[in-house]
Number of protein chains: 2
Amino acid sequence: MKLSTRGRYGTRLLLELALHSGDGPVQLKEIAQRQDISLGYLEHLVTPLIAAGMVRSTRGAHGGVWLAKSPWEIKLSEVVGLLEGSTAPVDCLNDPEACPRSDFCATRDVWAEVKEAMDGVLESTTLQDLVERQKSKQKPTEAMYHI
Amino acid sequence: MKLSTRGRYGTRLLLELALHSGDGPVQLKEIAQRQDISLGYLEHLVTPLIAAGMVRSTRGAHGGVWLAKSPWEIKLSEVVGLLEGSTAPVDCLNDPEACPRSDFCATRDVWAEVKEAMDGVLESTTLQDLVERQKSKQKPTEAMYHI
DNA sequence: ACTTTGTTGAGTATATTTGTCAACAAAAGG
DNA sequence: CCTTTTGTTGACAAATATACTCAACAAAGT
């Protein structure tokens, strides 16, 4: 039941964008460095987000990517959905024909409950929630001690 | 976020055993046929369950495997734990040193909430719950129409 | 023009999953 | 005993998915 790097890196990418929301384009290269993700891989992660209209981009000097919506409007369920596909722990939840037992399988019901439980959390968490959580975690910098 | 065949097949195996709880040994070969799982693979799945004391076994003619406890006493969280390992969607929940960002990572908190949500369902579901669910799903057999 | 950035697609190394197979061990029956 | 039946173990391998890399390209700036 592990999340792949797509979901993990992708969420960190979007949190970075949310932290800079309204500041104009952020370069993928910067994010790659700060988040320690290879630039080439990050490019592939941002593609489906752009296609879905969650992120916008521009090329050329001073280009970069940014959130197309406000961080309040982006739920983690959308993010995970775009990057990992469904949260269903078993394929038969999305497609009952994936398994001939779907009609009378008792275990399938439990996996459905597990999915609902996960979705509940992801539906109720937005990028803004992550931003606020991140800000409260921010390590005090050296500068903050010299006010 | 998919469950592997270990978790899926293993749960079906245990449901079979729960349905025959108290009936003495059930042969792995039977279960393999009914559940359409290769015998060789099933053998590997049952090993950790035996090691954990959840299942018992005997060899030889009329041998087989059976539940070591009553179906009420076996929670799905234990089953998934044994077969899939932790339900943590990210490694840093089990081992904070798996990622240098653990201390100040906002996304980690959300994955922890997701894990708690899943665990809640798995903790509150026992093999007996599966048995009852399965019985209520049982297709009426031909014989049942001739009482 | 030229540089900087994002975009796309092909290719690949690695890891994980999902098995197979064969040798072995123990229980039961004759 | 001896044979058959079953579970046990470990080595191995095929298939798949993951996590990239790289190079060619496209567009935006200067």
Side-chain angles (χ1 to χ4, degrees), chain A residues 1-13 16-17 20 24-33 35-68 80 83-86 89-91 98-99, chain B residues 1-13 16-17 20 24-33 35-68 80 83-86 89-91 98-99:
Chain A
M1 294 295 284
K2 288 284 180 293
L3 215 56
S4 75
T5 53
R6 289 177 62 86
R8 289 186 283 125
Y9 292 0
T11 307
R12 276 159 51 189
L13 159 68
E16 281 273 351
L17 297 187
H20 294 92
V26 183
Q27 290 188 22
L28 284 180
K29 187 163 63 174
E30 281 181 47
I31 297 177
Q33 285 169 357
Q35 292 290 330
D36 198 31
I37 302 170
S38 88
L39 176 59
Y41 196 43
L42 208 49
E43 290 161 353
H44 285 296
L45 296 184
V46 87
T47 301
L49 303 176
I50 292 171
M54 184 179 287
V55 166
R56 294 185 57 185
S57 66
T58 185
R59 310 183 192 198
H62 308 303
V65 300
W66 65 94
L67 286 189
V80 173
L83 292 171
E84 298 266 343
S86 163
V90 288
D91 287 332
C99 177
Chain B
M1 294 296 283
K2 288 284 181 292
L3 214 56
S4 74
T5 54
R6 288 178 62 86
R8 288 186 281 124
Y9 293 179
T11 307
R12 276 159 52 189
L13 158 68
E16 282 273 351
L17 296 187
H20 294 92
V26 183
Q27 290 189 22
L28 284 179
K29 188 163 62 176
E30 282 180 47
I31 298 177
Q33 286 168 356
Q35 293 290 329
D36 197 30
I37 302 170
S38 88
L39 176 59
Y41 196 43
L42 208 49
E43 289 161 353
H44 284 299
L45 296 185
V46 87
T47 301
L49 302 176
I50 292 171
M54 183 180 289
V55 167
R56 295 186 56 185
S57 66
T58 185
R59 310 183 192 199
H62 308 301
V65 299
W66 65 94
L67 286 188
V80 173
L83 293 171
E84 299 264 345
S86 162
V90 288
D91 287 332
C99 176

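So that the names make sense, note that chain A is the first sequence line, chain B the second, and so on, each numbered from 1. Excluded from the calculations below are hydrogen atoms, water molecules and symmetry mates; all remaining heavy atoms, backbone and side chain alike, are included.
One finds the CD atom of Gln33(B) at 11.0 Å from the CG atom of Leu42(B) (value rounded to the nearest 0.5 Å). The CG atom of Leu83(B) sits 8.0 Å away from the CE atom of Met54(B) when rounded to the nearest 0.5 Å. Atoms CG and CD, from Leu28(B) and Gln35(B) in turn, are 12.0 Å apart once rounded to the nearest 0.5 Å.
Residue Leu39(B) contributes atom CG, which lies 7 Å from atom P of dG7(D) at whole-angstrom precision. In this entry the distance linking CG of Leu45(A) with P of dT7(C) reads 13 Å, nearest Å. Atoms CD (Glu30(A)) and C1' (dG6(C)) sit 14 Å apart, rounded to a whole Å. Across the protein-nucleic acid pair, Ile37(B) atom CD1 and dG19(C) atom P stand 9 Å apart, rounded to whole Å. In this structure, Leu42(A) places its CG atom 16 Å from P of dC22(D), rounding to the nearest Å. For Arg56(B) and dT8(D), the CZ to C1' distance is 16 Å, given to the nearest whole Å. Going from atom CG of Asp91(B) over to atom C1' of dT18(D) covers 14 Å, rounded to whole Å. Distance, Glu84(B) CD to dT18(C) P: 8 Å, rounded to whole Å.
One finds no side-chain N or O of Ser57(B) lying less than 4.0 angstrom from the OP1 or OP2 phosphate oxygen of dT6(D). For the OP1/OP2 pair of dT18(C) and a distance below 4.0 Å, the side-chain nitrogens and oxygens of Thr5(B) include at least one atom meeting the criterion. Note on Thr58(A): every side-chain N or O is 4.0 Å or more away from OP1 and OP2 of dT5(C). Close to dT20(C), at under 4.0 Å from its OP1 or OP2, lies a side-chain N or O of Ser38(B). The side chain of Tyr9(B) places no N or O atom within less than 4.0 Å of a non-bridging phosphate oxygen (OP1 or OP2) of dT18(C).
Comparing His62(A) and Gly40(A), the nucleotide of DNA chain D nearest to each residue sits closer to the 5' end for Gly40(A). Each of Ala61(A) and Thr47(A) was assigned the nucleotide of DNA chain C with the nearest heavy atom; the assignment lying further toward the 5' end belongs to Ala61(A).
His44(B) contributes a side-chain N or O that forms a donor-acceptor pair with the base of dT20(C) under 3.5 Å.
Side-chain atoms of Arg6(B) do not come within 3.5 Å of backbone N or O of Glu84(B) as any donor-acceptor pair.
Listed candidates were dA27(C), dG29(D), dA26(D). Nearest to the side chain of Arg59(A) is dA26(D). Distances were taken from every side-chain heavy atom of Ser4(A) (C-beta onward) to each of dA26(D), dT18(C), dA19(D); the shortest belongs to dA19(D).
None of Leu49(A), Val46(A), Ile31(A) except one satisfies the side chain to side chain contact (heavy atoms under 4.5 Å, CB included) rule with Leu17(A); the exception is Ile31(A).
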